[in-house]
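FYI, side chains are in, hydrogens and waters are out, and symmetry mates aren't considered; it's all heavy atoms of this structure.
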Amino acid sequence: MLKKRGDIWHYDFTYQGVRYRNTTLCRLKSDAQSVEDQVRRDLREGAQLGGVHKHISLEDAADLWFDARQKGLKSAATTAIRIKIMLRCFGPETLVTQIGARQITDAITLRRLEPTRQGKLPSNATVNRDLIDTTLRPILSYAATNLELPVKRIEWAKLRMQEPRERVRLFTQDEIDRWMAELPIWHRPVLAFILRYGVRLTEAFFPIDALHGDDVYVRERKNGPHMVTLLPEDAAEIRARIGRARAAKIYDTCWLRELKSGKLVPIHWRGFQSASAAALRRANINARPAHDGRHHAGTTLHRATGGNLTVVKELLGHEAIASTMRYAHTSRDDVRNALRHTYGTETKHSARNVSENNDEADKGTGT
């Protein structure tokens with residue numbers, strides 16, 4: 001079937017359960033019909049490159065990939081939003097087999113000029129996530145592996161926008177106390193939970209049926225659910241909060257605010273994010289409300305366990321140890337302490353005591 005959009009004709013038809021649609025680049029219907037006929041012949045003959053999927057569009061490939069790999073995951077809603085952005089930048093009818101470095105560069109340029117909902121231009125990291133990391137790259141990989149499409153070889157490292165190095169953030173106790181003091185009292189338990197267990201912002205707001213014994217289910221991963229193991233006292237507190245939520249017929253979170261009337265209302269993660277950002281500004285602390293809390297939890301546990309990345313990986317729910325290493329930061333103090341442990345050197349305080357003792361000994365011998 002041919003459809004005219006502006007001055008250009010497009011074909012749109014289904015073959016063996018797969019929808020094919022694209023521009024013919026033709027202004028005359030007769031020329032457009034010839035293009036569509038050629039596409040249909042290629043499909044019937046199995047076309048040497050890519051078989052019946054040779055002419056599949058990026059939108060259709062994205063739909064197939066999403067249904068196979070993303071549907072049902074907790075991150076599906078975010079991925080769907082990013083797919084819409086990707087299709088807007090590339091064009092939904094772009095053929096998968098046509099996508100190469102030039103098309104990706106043009107799409108990146110277009111995305112960089114689009115303001116976010118906050119009216120700001122997107123960061124390099126946002127552009128990478130929207131157009132490459134969570135959308136186009138896995139979609140093209142799926143198209144090559146599962147649909148047997150001859151996708152172009154792409155050097156992703158040369159196309160991705162350069163991102164700043166991961167910022168190290170470990171809060172001092174004074175910073176945590178100031179942050180807590182500026183937060184409304186009903187938000188403080190959420191902050192404490194994030195700082196201890198390193199969950200992502202939305203993961204902290206788990207439904208009340210997510211607690212199983214002393215473990216809480218926070219999200220679904222490719223290799224299974226991510227369960228966060230709680231300390232017994234924290235698990236007991238969460239159970240008490242769940243009991244209050246259930247009594248108030250609130251089922252989507254155990255974090256509640258009690259109004260002056262005594263009524264309990266659920267806290268939303270966006271409300272916590274906004275209140276926490278405001279508290280950080282008032283406390284004069286430069287930090288991100290939730291993500292830096294995840295860094296803090298990972299780094300704190302890394303140091304407490306003597307650098308056990310496996311334990312940190314389990315806490316943060318990473319699939320690869322390489323991801324965990326971004327959160328397991330070392331500091332100059334860590335290096336100094338390691339050197340002292342290795343070479344048996346003493347602190348300045350200890351060295352001063354030795355010097356003072358030697359002076360006293362010299363006085364005692366009259367030298």
Side-chain angles (χ1 to χ4, degrees), residues 56-66 68-70 73-147 149-169 200-202 219 221-223 288 290-292 294-295 298 309 313 316-329:
I56 193 169
S57 69
L58 179 59
E59 183 175 25
D60 288 335
D63 289 342
L64 292 171
W65 169 77
F66 186 86
R69 301 292 172 81
Q70 294 294 306
L73 297 183
K74 195 170 183 179
S75 60
T78 300
T79 302
I81 293 173
R82 286 175 170 160
I83 287 176
K84 289 182 179 179
I85 295 172
M86 178 199 69
L87 293 176
R88 186 169 67 244
C89 293
F90 281 94
E93 296 179 355
T94 300
L95 294 182
V96 170
T97 53
Q98 292 178 344
I99 297 175
R102 181 178 61 80
Q103 289 81 3
I104 296 172
T105 300
D106 291 344
I108 288 174
T109 301
L110 181 60
R111 177 60 180 138
R112 290 182 66 192
L113 299 176
E114 288 186 345
T116 63
R117 288 180 296 179
Q118 291 74 31
K120 300 179 181 180
L121 293 179
S123 66
N124 289 359
T126 297
V127 174
N128 288 336
R129 305 299 180 273
D130 288 347
L131 300 186
I132 296 178
D133 299 338
T134 60
T135 55
L136 185 64
R137 189 171 184 174
I139 289 171
L140 292 186
S141 176
Y142 177 83
T145 303
N146 296 71
L147 304 182
L149 281 171
V151 300
K152 294 182 179 180
R153 182 178 178 276
I154 297 172
E155 297 188 35
W156 298 103
K158 294 182 179 180
L159 294 174
R160 295 180 77 258
M161 300 289 294
Q162 185 174 2
E163 299 180 26
R165 293 184 63 183
E166 191 72 56
R167 184 174 66 180
V168 176
R169 198 62 172 98
R200 297 174 179 85
L201 180 57
T202 54
R219 71 184 177 101
R221 301 178 300 175
K222 292 179 181 178
N223 59 349
R288 296 165 289 185
H291 192 69
D292 284 345
R294 184 167 169 82
H295 277 256
L309 285 174
K313 175 177 176 289
L316 300 180
H318 289 146
E319 295 183 28
I321 201 75
S323 299
T324 308
M325 294 180 69
R326 297 200 304 269
Y327 295 86
H329 308 295

Tell me the closest heavy-atom pair linking [X] and [Y], and the distance in Å.
X: Q70; Y: A76; answer: O-CB, 3.5 Å
X: Y142; Y: A68; answer: OH-CB, 3.7 Å
X: L121; Y: T116; answer: C-CG2, 4.4 Å
X: G298; Y: L316; answer: CA-CD1, 4.3 Å
X: N128; Y: E163; answer: ND2-OE2, 2.7 Å

Using side-chain heavy atoms (C-beta onward) and a distance below 4.5 Å, is [X] in contact with [Y]?
X: T135; Y: I85; value: no
X: L147; Y: W65; value: no
X: W156; Y: L136; value: yes
X: L110; Y: D106; value: no
X: I108; Y: I132; value: yes
X: V151; Y: I99; value: no
X: K313; Y: L309; value: no
X: L58; Y: M86; value: yes

*May I ask you to decide if G100's main-chain N or O and Q103's side chain share a donor-acceptor pair within less than 3.5 Å?*
yes
*Does atom NZ of K84 have more than 12 heavy-atom neighbours, drawn from other residues, nucleotides or ligands, at distances under 6.0 Å?*
no
*How about R129: does its CZ atom have over 12 heavy atoms from other parts shown lying under 6.0 Å from it?*
yes
Separation of [Y] [atom2] from [X] [atom1] (nearest 0.5 Å):
X: R160; Y: N124; atom1: CZ; atom2: CG; value: 9.5 Å
X: D130; Y: M161; atom1: CG; atom2: CE; value: 12.0 Å
X: D63; Y: I83; atom1: CG; atom2: CD1; value: 7.5 Å
X: Q98; Y: S57; atom1: CD; atom2: OG; value: 11.0 Å
X: I139; Y: E59; atom1: CD1; atom2: CD; value: 10.5 Å
X: I56; Y: T94; atom1: CD1; atom2: OG1; value: 13.0 Å

*Partners meeting side chain to side chain contact (heavy atoms under 4.5 Å, CB included) with Q162 (sequence neighbours left out)*: none
_Counterpart residues, side chain to side chain contact (heavy atoms under 4.5 Å, CB included), relative to A101 (two or more places apart)_ = L159
*For D133 and R137, what are the C-alpha separation, side-chain angles and deciding distance, and is it a salt bridge (Lys or Arg N to Asp or Glu O under 4.0 Å)?*
CA-CA 6 Å; D133 299 338; R137 189 171 184 174; 5.2 Å; no
*asked:* Applying side chain to side chain contact (heavy atoms under 4.5 Å, CB included) to I104 and L131, what does each step give before you reach the verdict?
replied: CA-CA 8 Å; I104 296 172; L131 300 186; over 6 Å; no
